[in-house]
Amino acid sequence: MADGSADDLQQQLNALAERKGMSVERLLREWIAAESAPENLSDSSFRTLVENNPDFIARFDRSRRYLYVNAALEQATGHTLAEHFGKTPLEMREPVDLNRFVYDHLQRVLESGETKHLTFAYPSEEGAHFELRLIPEMDVEGVIQSVLAISRDISHQKQMERRLYESEARYRAIVQSQLDMVCRYTPDTVLTFVNDAYCHFFQRTREELIGRSFLTTSPPDQHAAIWRRVEILRHDPSPEVALYRSVVPNGEELWIQWVDHGIVNEQGQVVEVQAVGRDVTKLRQLEDERVRSAALAAELAKEREVIELKNQFISMVSHEFRTPLGIIKTSDDLIRRYIDRMSPDQIEEHLDRISQQVVQMTQLLDDVLALDPTRANLFELNPQPIDVVDFCQSLVEHLQLLDNNQHPVLVEMRQQAGEVVADIRFLNRILSNLLSNAFKYSPPGSTVRLTIEQDQHDLIIEVQDQGIGIPEPDQAQIFEPFFRAKNVRTVSGTGLGLAIVRQHIEAHGGSITLASQPGQGTTFFVRLPL
Ligand code: ATP
Ligand code: MG
């Protein structure tokens, strides 16, 4: 090892190995192991440790020549220990960049005597990174004898770091470029982060916003609600959707839908709130418009329904007039044609029939006019003192006559009803409808009961029959115009009477109810404020 050249070294080594009867390889390994084994490790265990280490390990002498390389490095370079031995990294050529890097830094370690921790990135090979530690080894006098190099491929680790950085950058870019507003604030409402969309919406710079409370852009009437929400978030960070107004620089108030949630630290305390907001002003306007047009549509539908009802009404009325008109026409024809052949009784009979039909038509006409809501004056009351007993008696007699006296009527005056102040036409309409129904829907001979009662405020009328009754499912609709129960069979009618009665009663603040059992009878209860 006198002149120090690599060839010289190699030759000496060969000679020595031959003399010892072992390979150069083995000689070197034994030599290196013996020289550097730390006190607490046996020779062989140290060797195993270094040899099998996945890190690349080398030792250099003071002239920066390889003294040792471990198996991992042999494999990586494709050169054995013997091929490395006595050469400098520069003499090893490949990989040129890395060898030059090692060579230069070995010099620095030798000069400074300090351990160096370095990373090397291959300029040629993207993503390839090495970590390199150069440790000076001193003798007892503190003179550097050799340098230990430990290197490791950290490409994978670097790649992971890079990916993390990229994904973070991407995330940040997403948040920044979001169309939605994103902000974070501390529980005292002071902003700590805002994205571009937030700045753009409020037309402020990031510097103007961060470090200030966002309440400055919120109308004061909402502040209490916002504080309440923040208070809730302190205990429960789970996200919630809420709608708030925000004031933009031109003074306009816009509706923002916010989704907020608490950001929790390691101790589980909510330290910040993150909120994502979207301008929903247009959406709300559309929604308002939708509600308005839905209301309009409903109104229109109602109007249509009214028109439809009126049409139905007209066809029904004309139909109802056709029957009595037909009867009148027949009787009239018969009298004209056969007057000289008819007895006075026969003539009288036809004239009676005519006047009966006229009465019926007049009644129908009254009903029709009463139902027309445009004739409001019909609802106007003309109250006058009436002797209830007299009035009821004569009304009942008149109706019984029309009924051919088929039903006995029991009129009962509870407590001295005596004189009341009421509108005759009004009472007449109510009672004649209820009583004629009672006659119409109960068998001949069954009794109809009319009860009149008066308390401090109201006149109470009850009309009870023992007729066919009203089936339970029909009872709810019985006061609707044109509605007739399923069990009327051949009994004729328009379904208008009760509708008229209820309209009148309700127009005067009264009420009408019923109790009925099919096959047993029906009772109507009327209450009229006096
Ligand atoms: P009109 O318009 O000629 O009076 P209507 O008697 O059929 O015809 P409403 O008086 O309005 O019409 O009565 C509505 C329906 O209620 C009747 O068709 C019938 O089904 C039922 N109804 C009314 N009163 C009674 C009653 N006392 N007993 C049984 N059913 C009744
Ligand atoms: Mg009726």
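Just follow the structure's listing: the first ligand is 1, and inside any ligand the first atom is 1. We count residues from 1, following the sequence as given. A quick note: this is a predicted structure, and the numbers were derived from the prediction, not measured.
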Check if K440 has a non-hydrogen atom at a distance under 4.0 Å from any atom of ligand 1.
-> yes

D403 and H407: side chain donor to acceptor below 3.5 Å: yes

Q) Counting both backbone and side chain atoms, is some N or O of F524 under 3.5 Å from an N or O of ligand 1? A) no

**Study point:** Any N, O or S atom of N437 closer than 2.8 Å to the Mg ion (ligand 2)
**Key:** yes

Does N433, backbone or side chain, put an N or O under 3.5 Å from an N or O of ligand 1?
-> no

Per-atom filter on ligand 1: closer than 4.0 angstrom to a heavy atom of G495 are 1 (P), 2 (O), 5 (P), 7 (O), 8 (O), 11 (O), 12 (O)

Contact region, L434 to ligand 1, non-hydrogen atoms below 4.0 Å, reads neither

So for V488 against ligand 1, with non-hydrogen atoms under 4.0 Å, the contacting part is side chain

Here the atoms of ligand 1 under 4.0 Å from any heavy atom belonging to G493 are 3 (O), 7 (O), 8 (O)

Give the C-alpha distance, both sets of side-chain angles, the deciding distance and a yes or no for side chain to side chain donor-acceptor pair (under 3.5 Å) between T447 and Q466.
CA-CA 7 Å; T447 305; Q466 295 162 352; 4.9 Å; no

Going by an N to O cut-off under 4.0 Å, is there a salt bridge joining D465 and R449?
no

Notebook entry, point to check: Would Q464 and T522 count as having a side-chain donor-acceptor pair, cut-off 3.5 Å?
Noted result: no

query: Under 3.5 Å, N or O to N or O, is F483 touching ligand 1 that way?
result: no

Does the side chain of R278 come under 3.5 Å of the side chain of Q257 through a donor N or O and an acceptor N or O? no

Between R336 and the options D333, D332, D340, the salt bridge (charged side-chain N to carboxylate O under 4.0 Å, His left out) test singles out D332

Within the 4.0 Å heavy-atom cut-off, what L496 brings close to ligand 1 is both

(Q) One thing to verify: whether E412 and R414 come together as a salt bridge, which I'm taking to mean a side-chain N less than 4.0 angstrom from a carboxylate O. (A) yes

Polar side chain donor-acceptor pair, S343 to D345, under 3.5 angstrom
no

*Based purely on interatomic distance, does N437 place a nitrogen or oxygen under 3.5 Å from a nitrogen or oxygen of ligand 1?*
yes

Exercise. Do any nitrogen or oxygen atoms of G497 come within less than 3.5 Å of a nitrogen or oxygen of ligand 1?
Worked result: yes

Numbered in order shown, the ligand 1 atoms found under 4.0 Å of a heavy atom of R484 are 7 (O), 18 (O), 20 (O)

One finds that the ligand 1 atoms under 4.0 Å from a non-hydrogen atom of T522 are 28 (N), 29 (C)

Residues R527, D455: salt bridge by 4.0 Å N-O rule:
yes

